[in-house]
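Below is one structure, written out as structure tokens; comments come after it.
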Amino acid sequence: MNKLADLVDKPKNIQEKPSEIAALLLAWYDQNKRELPWRRTNDPYAVWLSEIMLQQTRVDTVIDYYLRFLERFPDIGSLADADEGDVLAIWKGLGYYRRARNLHQAAIVVHDRYSGNFPRTYPEIRALPGIGDYTAGAIASIAYNLPYPAVDGNVLRVATRLLGLEADISQQKTQKQIAEMIREMIPKDRAGEFTQALMELGAMCCTPNTPGCRDCPWRTVCTAHRTHRETVLPVKKKAKKAARFDYWTALVCNDGDILMEYRSNTQLLGNMWGLPLVQKESASSAEELFRRDWELDLRFIKYLGSVRHVFTHQVWQMDVILFSLKPDSEVKSGLAWISREKLKDLPIPKAFQKVLQLMI
DNA sequence: CTCCGGTCGA
DNA sequence: TCGACCGGAG
């Protein structure tokens, strides 16, 4: 380990020197790791419990639950014998209660199929309920020192920064790529500590918004740091939240005919039939908007209700009003009176079917 | 209020 | 591949 001093001022390429880069991390971990209850043991049951609780949940929150759980259910046998209600009672307040149900179910599987001994191979561990790729890798490496990667959100962030990887981390392809890269870095004799060190680095140093690069063991080898991209990595497809649209929707009836719109092919649901819509504006009434946009002189009869329709990329909130119109009014092109019988023969998308339902 | 995140099932 | 599950943080 005398070599560590040499490494500090020399940029290393990750592909060339994965073991030296791993060594830098482990040396940092030895000095800086937090003392956490689940780090005092390699007992697979305790490691498993901690990893399940740590899914989607902060360390500070988990500590008390973890200790209480182990006190109440000190081993797999006691958990397998418990009533689900008692397991859920201990879990109360921690959230994601399916984790507790799966934990209980898995304990029963371990009890029945493995005579109460937690399985020792990755495929067997991975097959237990509630255990996905990440948790299986974490348990295999931490409890048994097996060289499997455990890639969670922390590790995705640390890895993309180290490599300067611009790929979208929400894609499975990217996650597999990173898992393979991590797998190659795992020191055979310290797999479990390497797993924990990576996550500790992500939690304590390589944080999302203001990473503490000055204190980072990888500051000399990190591509993102060298190129000042710490805060733009990782790249994640922005969960393009659907745009919201609030509409007034006119149901205008005349002798059993309904005023419909044939939608232009340039808009959403084009070349199909719908109802006249106007986008709400707080300064104007529905009547004013329909006069302005559709040249309709409508008279309010009744509010019929609200229809919500979700597309992949937009959400429509349609407040539906029943209107009357002077019997022999002209309607501009694009609008047409459609008899109720003909409605069922026309292409009318679901969003407007829901509106028409309000009339029945 | 919005955003975040492992696993699972649709 | 995407939403539901939940509570905490911003």
Side-chain angles (χ1 to χ4, degrees), chain A residues 38 47-66 68-69 84-85 87-110 119 122-143 148-161 167-179 182 195-196 198-204 206-211 231-244 246 308-315 317 350:
Chain A
W38 45 89
V47 171
W48 171 36
L49 176 65
S50 70
E51 288 301 336
I52 298 298
M53 286 187 165
L54 287 165
Q55 291 169 3
Q56 285 85 38
T57 312
R58 314 188 75 76
V59 166
D60 292 346
T61 308
V62 166
I63 292 175
D64 286 343
Y65 281 91
Y66 171 84
R68 271 193 290 131
F69 197 99
E84 184 178 278
V87 180
L88 287 170
I90 292 268
W91 207 271
K92 187 172 59 179
L94 199 53
Y96 286 95
Y97 298 94
R98 191 168 62 171
R99 292 182 297 172
R101 294 193 185 90
N102 283 334
L103 189 73
H104 182 226
Q105 287 305 310
I108 293 170
V109 171
V110 171
Y122 180 93
E124 290 170 316
I125 296 168
R126 175 66 178 81
L128 293 170
I131 297 183
D133 290 339
Y134 160 75
T135 306
I139 297 171
S141 61
I142 295 170
Y148 288 92
V151 178
D152 69 351
N154 283 319
V155 175
L156 289 174
R157 184 173 61 254
V158 169
T160 51
R161 286 176 176 168
D168 175 7
I169 60 162
S170 65
Q171 300 222 300
Q172 204 177 37
K173 192 179 74 175
T174 307
Q175 296 177 7
K176 284 187 170 170
Q177 194 181 343
I178 289 171
I182 297 292
T195 287
Q196 298 188 78
L198 270 178
M199 291 191 282
E200 191 78 345
L201 188 69
M204 304 304 292
C206 195
T207 50
N209 295 322
T210 51
T231 53
V232 305
L233 293 174
V235 173
K236 181 157 46 171
K237 184 186 62 183
K238 38 204 160 198
K240 47 188 172 193
K241 55 185 175 197
R244 287 158 202 283
D246 291 313
R308 177 184 167 84
H309 190 77
V310 179
F311 300 94
T312 324
H313 56 304
Q314 27 184 287
V315 178
Q317 191 72 41
K350 190 78 173 179

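First the proteins, then the strands, lettered A, B, ... as listed; each starts at 1. Keep in mind it's a predicted model, so treat the numbers as computed, not measured.
For A/Tyr66 and A/Trp38, the ring centers sit closer than 6.0 Å to each other.
For the pair A/Arg101 CZ and C/dC6 C1', the computed distance is 12 Å after rounding to whole Å. Counting to the nearest Å, the C1' atom of B/dT7 and the CD atom of A/Gln105 are 15 Å from each other. Rounding to whole angstrom units, CZ of residue A/Arg99 and C1' of C/dC6 are separated by 8 Å. Between the CZ atom of A/Arg98 and the P atom of C/dG3 there is a distance of 15 Å, given to the nearest Å. If you measure from atom NZ of A/Lys92 to atom P of C/dC6, you get 15 Å, rounded to the nearest angstrom. Taking atom OH of A/Tyr134 as the reference point, atom P of B/dC8 lies 14 Å away to the nearest angstrom. One can place CG of A/Leu94 at 14 Å from C1' of B/dG5, the figure rounded to the nearest angstrom. Between A/Ile169 atom CD1 and B/dG5 atom P the separation is 7 Å, expressed in whole Å.
Going from atom CD1 of A/Ile169 over to atom CD1 of A/Ile178 covers 7.0 Å, rounded to the nearest 0.5 Å. Going from atom CG of A/Leu103 over to atom CD1 of A/Ile108 covers 10.5 Å, rounded to the nearest 0.5 Å. Between the CD atom in A/Gln55 and the CZ atom in A/Arg98 there is a gap of 10.0 Å [rounded to 0.5 Å].
Phosphate proximity of B/dG5 to A/Lys236: present, with a side-chain N or O under 4.0 Å from OP1 or OP2.
Residue-to-nucleotide contacts include no donor-acceptor pair under 3.5 Å from the side chain of A/Tyr96 to the base of C/dG7.
Scanning residues 51-64 of chain A for heavy-atom distances under 4.0 Å to DNA chain B yields A/Gln55, A/Gln56.
Side chain of A/Ser170 to main chain of A/Lys236: no donor-acceptor pair is present (N/O by atom type, distance under 3.5 Å, no hydrogens or angles).
When each of C/dT1, C/dG7, B/dG6 is scored by its nearest atom to the side-chain atoms of A/Gln172, the top-ranked nucleotide is C/dT1.
Residue pairs meeting the salt bridge (charged side-chain N to carboxylate O under 4.0 Å, His left out) criterion with at least one partner in residues 123-140 of chain A, sequence neighbours excluded, are A/Arg126-A/Asp133.
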Passes side-chain contact (heavy atoms from CB on, under 4.5 Å), A/Trp91 versus A/Tyr97? Steps please. CA-CA 7 Å; A/Trp91 207 271; A/Tyr97 298 94; 3.7 Å; yes
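Nucleic acid contact for A/Pro129: sugar-phosphate only, since backbone atoms but no base atoms lie under 4.0 Å from a heavy atom of the residue.
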